[in-house]
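Below: one structure, written as structure tokens.
Worth knowing before you read on, the calculation uses all heavy atoms, side chains too, and leaves out hydrogens, waters and symmetry mates.
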Amino acid sequence: MSKSFKQITSDVSKGLEAMHKEVPDTMKGFSAMAKAALAGGTIDALHKELIALAIGVSSRCDACIGYHIKALIRLGVTREQLMETLAICTYMGGGPTLMYAAEAVRAYDEMLPQHA
């Protein structure tokens, strides 16, 4: 059975909601860190999200792939930008990373607006 990145992000979001309620200070701290890290600077939001995706792919994190693909689509990533980023991931991480790079392509294809 093939996994759905829409379902993965939905399922993880439920767990994150519980954490927001039960450990709010930790989640506020994490959210503040994420907001600060992704804020505009010399590296724009799109490129920061590509970096985040690369780390998620390299870490083999399905939910990270789902969330960062969603953000990248919202930011207008092109398929070419995605593929070049995944090529670098594969170069640096080898075969296991290649398998998760392919999963990122699946997530992108699944989450594109025309596939919704």
Side-chain angles (χ1 to χ4, degrees):
M1 175 186 284
S2 182
K3 60 187 158 192
S4 164
F5 287 91
K6 288 180 181 179
Q7 189 63 52
I8 289 167
T9 56
S10 175
D11 291 345
V12 170
S13 290
K14 291 173 187 166
L16 293 174
E17 287 173 20
M19 292 184 73
H20 274 282
K21 290 177 186 168
E22 297 175 43
V23 287
D25 291 341
T26 299
M27 297 306 288
K28 285 177 190 171
F30 184 83
S31 294
M33 181 178 57
K35 184 177 180 180
L38 293 170
T42 58
I43 300 173
D44 65 27
L46 178 78
H47 289 92
K48 287 182 178 189
E49 283 293 345
L50 286 168
I51 292 166
L53 175 66
I55 293 168
V57 167
S58 298
S59 300
R60 299 172 183 91
C61 174
D62 288 335
C64 299
I65 291 169
Y67 282 110
H68 293 294
I69 287 290
K70 272 184 169 180
L72 284 163
I73 290 170
R74 184 176 29 79
L75 291 168
V77 73
T78 66
R79 190 173 186 89
E80 293 79 11
Q81 289 169 317
L82 176 69
M83 291 300 187
E84 285 186 25
T85 300
L86 296 174
I88 295 296
C89 289
T90 301
Y91 160 61
M92 295 302 294
T97 301
L98 175 61
M99 299 304 112
Y100 275 81
E103 290 287 78
V105 173
R106 262 190 355 91
Y108 177 78
D109 289 343
E110 177 185 352
M111 292 183 173
L112 276 174
Q114 70 255 24
H115 291 92

[X] [atom1] to [Y] [atom2] distance, which is reported to the nearest 0.5 Å:
X	Y	atom1	atom2	result
L53	L72	CG	CG	6.0 Å
I88	I51	CD1	CD1	12.0 Å
D109	I69	CG	CD1	9.0 Å

What pairs of residues pass the side-chain hydrogen bond (donor to acceptor under 3.5 Å, both in side chains) test when at least one of them lies in residues 16-30, not counting sequence neighbours?
->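 Sorted result for residues 16-30: empty, none.
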Please name all residues satisfying side-chain hydrogen bond (donor to acceptor under 3.5 Å, both in side chains) with [X], sequence neighbours left out, ordered by chain then number.
X	value
E84	none
S13	Y67
E49	H68
R106	S2, E103

Residue pairs passing the salt bridge (charged side-chain N to carboxylate O under 4.0 Å, His left out) test where at least one lies in residues 31-48, sequence neighbours excluded |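 The answer is none; no pair qualifies.
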Let me check something: do [X] and [Y] share a hydrophobic cluster, defined by ILVMFWY side-chain heavy atoms less than 4.5 Å apart, either directly or through other members?
X	Y	answer
M83	F5	yes
L38	V57	no
L46	L82	yes
L86	L112	yes
V23	L16	yes

With a 4.5 Å limit on heavy-atom distance, are the side chains of S4 and E110 in contact?
->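 Yes, side chains in contact.
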Beyond-backbone contact of Y100 with D62, side-chain heavy atoms, under 4.5 angstrom =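 Contact flag for Y100/D62 side chains = yes.
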So does D11 pair up with K3, basic N to acidic O under 4.0 Å?
->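 Result for this pair is no, no salt bridge flagged.
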Counterpart residues, side chain to side chain contact (heavy atoms under 4.5 Å, CB included), relative to T78 (two or more places apart) =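 Checked T78 against side chain to side chain contact (heavy atoms under 4.5 Å, CB included); matches are E80, Q81.
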With sequence neighbours excluded, residues passing salt bridge (charged side-chain N to carboxylate O under 4.0 Å, His left out) with R60 |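 Salt bridge (charged side-chain N to carboxylate O under 4.0 Å, His left out) list for R60, sorted by chain: empty.
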Which ILVMFWY residues can you reach from M33 by hopping between side chains whose heavy atoms are under 4.5 Å apart?
->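 Besides M33, the cluster holds F30.
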With C64, which residues qualify under disulfide bond (SG atoms under 2.5 Å apart), at least two apart?
->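 Per chain and number, C64 pairs via disulfide bond (SG atoms under 2.5 Å apart) with C61.
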Side chain to side chain contact (heavy atoms under 4.5 Å, CB included) assessment of Y91 paired with T97 = CA-CA 9 Å; Y91 160 61; T97 301; over 6 Å; no
Got a donor-acceptor contact below 3.5 angstrom from the T9 side chain to the K6 backbone?
->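 Yes, the answer is positive, given that a donor and an acceptor are paired below the 3.5 Å cut-off.
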Which heavy atom of A104 sits nearest a heavy atom of I65, and at what distance?
->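 Smallest interatomic distance, heavy atoms only, reads CA-CG2, 3.7 Å.
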Residue pairs, two or more places apart or on separate chains, that pass disulfide bond (SG atoms under 2.5 Å apart) and touch residues 75-104 |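 As it turns out, there is no disulfide bond (SG atoms under 2.5 Å apart) pair with a partner in residues 75-104 once direct neighbours are skipped.
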Pairs in or reaching into residues 23-60: which pass disulfide bond (SG atoms under 2.5 Å apart), with residues at least two apart or in two chains?
->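 Non-adjacent pairs meeting disulfide bond (SG atoms under 2.5 Å apart): zero.
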